[in-house]
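A short worksheet on the structure shown next.
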Amino acid sequence: MSSRHEVLEALSRIAFGHAFLDEEPMRARAFDNAYRTLKKLPDLRAAFDAGEVARLPGVGPGILDVVGRVFRGEPVPALERLEELIPAGIFEARRLPGIGPKKLKVLQDQLGIQSLAELEYAVNENRLTSLPGFGAKTQDKVRDALAAMRERASLRRLDQARDAVDAVLERLRAVPGVHRAERAGEARRGTEVVADVLAAAVVDVDAVPAVLAALDAAPGPERDGVPTLVTSGDTPVTIGLGHYVDTFGALWLWLTGAPEHVQAVAARANERGGTLGPLGLHLAERRVPCPEEDDVYAALDLHPTPPERREAGVPLVPRGEAAPRLLRREDLRGALHNHTTSSDGISSLEEMCAAANAAGLEYLGISEHSQTAAYAGGLDAGALRAQIATIAALNATRAAAGGTTVLSGIESDILKEGDLDYPDDVLAGLDVVIASVHNRYGLGRDGMTARMLAAAANPWVDVIGHPTGRLILGRPASEFDVEAWLDACAASGCAVELNANPQRLDLCERHLAMAKERGLLVSISADAHSAQALAHLDYGVVIARRAGLGPADVLNAKPLAELRAWLAERRARAAPGGSRNTPSPTRS
DNA sequence: GCCGTTTTCGGCCCGACTGTTTTCAGTCG
């Protein structure tokens with residue numbers, strides 16, 4: 001459990017609490033604004049310790065006090081008061097989509113509902129339909145939302161699971177007698193959702209009690225003969241224990257899975273008259289030392305399978321055959337889809353630029369929201385032209401320093417009919433055009449398919465951003481004919497995004513593999529709303545590897561000159577006779 | 001609670017959609 005999560009939870013609860021009690025609505029808004037702002041920082045703790053949080057807009061003494069108290073483990077009086085007045089179940093119910101504080105208040109006042117179980121019972125008794133402001137559709141929505149919440153109660157997003165396991169590993173490694181401790185299971189393989197948060201460790205037998213105490217953990221059930229510990233807290237982490245450093249490779253491989261992969265490796269050992277289990281590898285009646293996983297693969301004449309590829313249906317690669325070259329983080333030469341304070345980012349253009357430079361990126365695309373996205377500070381045509389000029393000036397002064405080149409882009413809303421948010425002459429002034437859907441997700445399959453096909457066919461569009469709009473464990477992917485749309489992208493030559501924000505991971509690995517089959521280029525983007533969030537590119541690399549992508553499949557693995565050539569060629573077709581960065585003289 | 005080329009008070013992102021209504025409140029992005 002990370003402190004970041006607790007801080008955000010505290011801010012969100014205070015905002016909700018005031019709204020629910022219908023008191024001080026503007027204080028509620030202030031906490032909600034702070035919650036939204038701080039959520040854009042993946043490493044909130046580092047930003048707080050560096051004093052950066054205090055300088056953010058919407059963060060004053062009151063908010064800062066709450067953040068500091070949560071980080072220091074101190075009580076938060078403002079929150080404690082609300083938690084005395086409002087049942088815990090009401091706080092949980094605030095996560096039900098479509099049900100806000102006002103409707104929850106009605107549910108509590110008129111039906112006495114204080115928990116999710118009571119709400120579920122009332123729905124099943126058909127008691128919601130007669131309440132003021134409620135009807136049959138609202139009741140159905142609540143029923144569906146409760147079912148979805150139950151279904152995902154035991155699931156965590158990849159980033160949540162990794163944060164949880166990493167926090168445990170840090171404490172575990174500090175205990176004397178712990179020789180090795182690593183991520184395992186789905187969190188290590190990089191599945192977008194994790195059901196079972198696992199680690200693998202080598203611990204001296206007599207150090208186990210100290211580990212239990214240090215982690216506030218208890219012995220768990222054995223797994224394939226491996227003893228385990230399970231931590232307490234809202235994201236329990238299971239630690240598989242080995243006692244010998246020189247068989248850790250076998251244990252780690254076993255606990256990393258996936259089961260189908262482990263079975264295939266074990267079968268390979270069997271073919272050679274040996275055995276592989278979590279406690280070690282035996283060949284020719286002898287125990288093979290395997291402190292690392294690579295020792296296991298090598299002893300079986302296999303290329304090591306990267307954790308991201310240890311899934312059913314991915315074959316083992318014998319030595320002698322060429323192992324596929326998967327994407328690596330250092331292959332990424334730039335990132336195209338990022339925001340600054342000009343729209344809804346919290347870092348300035350200069351801060352984003354410095355972070356990109358530090359991350360070794362040759363280029364950084366800035367693509368703010370477009371004018372329809374007013375809630376996100378979308379730019380009108382004039383503001384966009386001004387930003388293009390600002391970026392040009394910045395590049396001119398930075399060129400001599402050899403730093404990151406900034407590309408002028410836009411994340412244009414895809415309007416209802418698939419049109420973009422600006423006239424052609426505005427688009428013509430940009431280096432790169434990303435087009436994304438941000439509203440009207442409920443058009444229905446046919447309507448959304450038509451909209452996405454129109455966007456793909458639009459010659460100004462270079463990349464389709466977060467194509468399905470899903471939020472992991474939040475909002476489902478919008479329904480459209482993905483294969484027909486990918487065919488349309490292949491026809492027009494536009495790239496598709498792998499949005500690496502761990503809440504999105506959109507396209508998903510299955511769709512990315514379909515894109516690769518069609519020869520499409522994938523733009524791996526951080527969609528960073530803060531300088532810190534450029535680190536989300538790491539998640540993009542994980543998902544790309546899981547989809548089997550290599551550098552040749554990735555648009556932003558191209559060096560800047562090649563990327564510019566690719567963009568220029570597209571632009572030449574979009575506006576025959578014209579080129580990027582030479583806006584037409586006609587102004588609307 | 002936060003903010004200010006409207007700064008020490010008096011405002012506070014805003015338009016669209018949904019489901020409920022009979023003119024609009026609640027919710028979302």
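Below, read A as the first sequence line, B as the second, and so on, with proteins coming before strands; counting in each chain starts at 1. As a basis for the values below, the full set of heavy atoms in this structure was taken, side chains included, without hydrogen atoms, waters or symmetry mates.
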Please tabulate, one pair per line, each protein N/O and nucleotide N/O from nucleotides 2-5 of chain B that are separated by under 3.5 Å, including the distance.
unit_1, atom_1, unit_2, atom_2, d
B/dC2, OP1, A/G60, N, 2.6
B/dC2, OP1, A/G60, O, 2.9
B/dC2, OP1, A/P61, N, 3.3
B/dC2, OP1, A/G62, N, 3.2
B/dC2, OP1, A/I63, N, 3.0
B/dC2, OP2, A/G62, N, 3.2
B/dC2, O3', A/G58, N, 3.4
B/dC3, OP1, A/G58, N, 2.6

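Across B/dC17 and B/dT6, the matching P atoms stand 33 Å from one another, rounded to whole Å. Between B/dG19 and B/dG10, the two P atoms lie 41 Å apart (nearest whole Å). For the P atoms, the distance linking B/dC12 with B/dT7 amounts to 15 Å, nearest Å. Nucleotides B/dA25 and B/dT21 have their P atoms positioned 13 Å apart, rounded to a whole Å. Remark: the separation of the C1' atoms in B/dT20 and B/dT27 is 13 Å, to the nearest Å. B/dT8 and B/dC14 have their P atoms separated by 22 Å, with the value rounded to a whole Å. Taking the C1' atom of each, B/dT23 and B/dT18 are spaced 15 Å apart, rounded to whole Å. Nucleotides B/dT22 and B/dC9 are separated by 44 Å at their P atoms, to the nearest Å.
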- Along nucleotides 7-14 of chain B, 5' to 3', which nucleotides get a B, which get an S, and which get a -, given that the test is a protein heavy-atom distance under 4.0 Å? -----BB-
- Task: Would you mind building the protein contact string for nucleotides 18-23 of chain B? One character per nucleotide, 5' to 3', B for base within reach (heavy atoms under 4.0 Å), S for sugar-phosphate only, - for untouched.
- Result: -SS---
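Contact check on A/R127 versus A/E120 returns no salt bridge, with no Lys/Arg side-chain nitrogen under 4.0 Å from an Asp/Glu carboxylate oxygen. A/D140 and A/R143 are joined by a salt bridge, as a carboxylate oxygen and a charged side-chain nitrogen come within less than 4.0 angstrom of each other. A salt bridge between A/R157 and A/E186 is absent, with no side-chain N of the basic residue lying under 4.0 Å from a carboxylate O of the acidic one. A salt bridge links A/D425 with A/R385; the closest basic N to acidic carboxylate O contact falls under 4.0 Å. Contact check on A/E483 versus A/R510 returns no salt bridge, with no Lys/Arg side-chain nitrogen under 4.0 Å from an Asp/Glu carboxylate oxygen. The existence of a salt bridge linking A/R518 and A/D487 is confirmed by a sub-4.0 Å separation between a basic side-chain nitrogen and an acidic carboxylate oxygen. A salt bridge between A/R329 and A/D538 is present, with a side-chain N of the basic residue lying under 4.0 Å from a carboxylate O of the acidic one.
A/S436 and A/E411 get closest at one heavy-atom pair: OG-OE2, 2.8 Å.
Applying the side-chain hydrogen bond (donor to acceptor under 3.5 Å, both in side chains) test to pairs two or more places apart or on separate chains, those with a residue in residues 468-480 of chain A are A/E192-A/R470, A/Y441-A/R475, A/T468-A/D506.
Checked by atom type, the side-chain pair A/T235/A/R156 shows a donor-acceptor distance below 3.5 Å. Looking only at atom types and distance, the side chain of A/Q387 has a donor-acceptor partner in the side chain of A/E368 under 3.5 Å away.
Protein atom CG of A/D413 is 12 Å distant from nucleotide atom P of B/dC17, rounded to whole Å. If you measure from atom NE2 of A/H529 to atom P of B/dG29, you get 14 Å, rounded to the nearest angstrom.
Contact check, A/R475 against B/dC28: no side-chain N or O comes under 4.0 Å of OP1 or OP2.
Residues A/N439 and A/R27 both approach DNA chain B. Their nearest nucleotides, taken by heavy-atom distance, put A/R27 toward the 5′ side. Closest-nucleotide positions on DNA chain B for A/H438 and A/K416 were compared, and the one nearer the 5' end corresponds to A/K416.
Looking at residues 99-109 of chain A, you'll see A/I99, A/G100, A/P101, A/K102, A/K103 sit with a heavy atom under 4.0 Å from some atom of DNA chain B.
Ring geometry, A/H438 versus A/H369: the interplanar angle exceeds 60°, so the pair is classed perpendicular (tilted spans 30 to 60°).
B/dG19 is paired with B/dC24 under the criterion used here, namely a Watson-Crick or G-U wobble arrangement in which both key atom distances are under 3.5 Å.
With a 6.0 Å cutoff to the six-membered ring centre and a 45° limit on the axis angle, A/R451 does not count as a cation-pi contact of A/F480.
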Could you pull out every donor-acceptor pair under 3.5 Å between side chains of residues 491-500 of chain A and any protein atom, sequence neighbours left out?
unit_1, atom_1, unit_2, atom_2, d
A/S492, OG, A/A456, O, 2.8
A/S492, OG, A/C489, O, 3.4
A/S492, OG, A/C494, N, 3.3
A/E497, OE1, A/H466, N, 2.8
A/E497, OE1, A/N499, ND2, 3.0
A/E497, OE2, A/H337, ND1, 2.7
A/E497, OE2, A/S525, OG, 2.9
A/N499, OD1, A/N501, N, 3.1
A/N499, ND2, A/D527, OD2, 3.0

